[in-house]
Every structure is written in structure tokens, then in C-alpha cells.
Amino acid sequence: QVQLVESGGGLVQPGGSLRLSCAASGFALDYYAIGWFHQAPGMGRERVSCVDSSDGSTYYADNVKGRFTISRDNAKNTVYLQMSSLKPEDTGVYYCAADWACRGLPIATTGTPPLGSWGRGTQVTVSS
């Protein structure tokens, strides 16, 4: 079963940086595309970034382009989201999800991910 565990969140001032980690449990990440989703308070989940498994192509939502970088380390079975120049509107819970390709991961969702289920996420708070 696909199980992903998110970590790395915290409280950071505007303009600061964080690196989130998405670790796979019980399966190899190599074969999956991994997307990061942001859920602001009271809202659904929106995809902020994705990295494909086939060729490593990366995708970003317009509001994070140039600030966030997604990367994968298959040897560590982990996908990272480096977040820089953080803004208060980046506040929320961040989740990761897997599918066979980024085109299979929704841009926005209030439902379950394509594979497995949502993890606990990791809280990011951007505030002075």
C-alpha cells in the first residue's frame, strides 16, 4: 500500500525558507510521480508542485514558481520541496501524494488521492 509521510514544516517569518520531506514507506518511490499539495485553513487541497518518475519533469503552480523547488532522491526514497521567499499565504498544511504520472494528480481536490490515502501532512506557518 502506498504510504507517504510528510515532515519538515514549522513556523517561519515571511521571506524565510523551509524544506519539506515526503518519505515513502513500504514501496519504492522510483516508479511514481509525487505531488505536493497545499491546504489553507478551510480550503481544499491545491497542487503546488509535482515531479514525474519517467523523466524527472517538474511542474509548479504559478503562485510558487521561482520560489519552490521539488526534487527527488530515489536512494533515500524521499521527495523534497524546498520553499523559499515564503509568504503568509503559503501558510497551511502540506501533503504529498503519488500517482503513475503528474498528469494523474489533480490540480485541486477535496477528495482522496489517486493512490493510497492522505497522510497527516506537515504544518507550515508563515508569520512575523
For this session: Return the minimal non-hydrogen interatomic distance between Gly9 and Thr122, and the atom names on each side.
Result: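 Reported closest heavy-atom pair: N-OG1, 2.8 Å.
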Heavy-atom check, side chain of [X] versus side chain of [Y], under 4.5 Å:
X: Lys87; Y: Arg67; answer: yes
X: Ile34; Y: Cys22; answer: yes
X: Gln3; Y: Ser117; answer: no
X: Val12; Y: Thr125; answer: no
X: Leu86; Y: Leu18; answer: yes
X: Tyr94; Y: Met83; answer: yes
X: Ser17; Y: Gln82; answer: yes
X: Tyr59; Y: Cys102; answer: yes

Problem set entry | Pair Ser57-Asp55, side chain to side chain donor-acceptor pair (under 3.5 Å): steps then yes or no | CA-CA 6 Å; Ser57 294; Asp55 60 1; 2.8 Å; yes
For this session: Before giving the answer on side chain to side chain contact (heavy atoms under 4.5 Å, CB included), spell out for Glu46 and Val48 the whole-Å C-alpha distance, their side-chain angles and the decisive distance to 0.1 Å.
Result: CA-CA 6 Å; Glu46 295 186 344; Val48 296; 5.5 Å; no
Problem set entry | Glu6/Trp36 under side chain to side chain contact (heavy atoms under 4.5 Å, CB included): CA gap, chis, key distance, verdict | CA-CA 10 Å; Glu6 304 91 350; Trp36 279 100; 4.0 Å; yes
Problem set entry | Hydrophobic cluster of Leu11, others only, ordered by chain and residue number, side-chain cut-off 4.5 Å |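 Besides Leu11, the hydrophobic cluster comprises nothing; the residue is isolated.
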Seminar exercise, completed: Under a side-chain separation threshold of 4.5 Å, the hydrophobic residues clustered together with Leu105 are Phe37, Val93, Tyr95, Trp118
Exercise. Can Tyr60 and Ser49 be said to form a side chain to side chain contact (heavy atoms under 4.5 Å, CB included), step by step?
Worked result: CA-CA 4 Å; Tyr60 298 95; Ser49 186; 3.2 Å; yes
For this session: Would you kindly confirm whether Tyr31 and Val51 end up in one hydrophobic cluster when ILVMFWY residues are joined by side chain heavy atoms under 4.5 Å apart?
Result: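 Yes.
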Exercise. Can you name the residues that form a ring pair (Phe, Tyr, Trp, His ring centres under 6.0 Å) with Phe27, not counting sequence neighbours?
Worked result: Tyr32
For this session: Using atom types as modelled and distance alone, determine if a side-chain donor or acceptor of Asn77 lies under 3.5 Å from a backbone N or O of Leu29.
Result: yes
For this session: Apply the test side chain to side chain contact (heavy atoms under 4.5 Å, CB included) to residues Leu20 and Tyr80: give CA-CA distance (whole Å), side-chain angles for both, the deciding distance (0.1 Å), then the verdict.
Result: CA-CA 5 Å; Leu20 307 184; Tyr80 303 99; over 6 Å; no
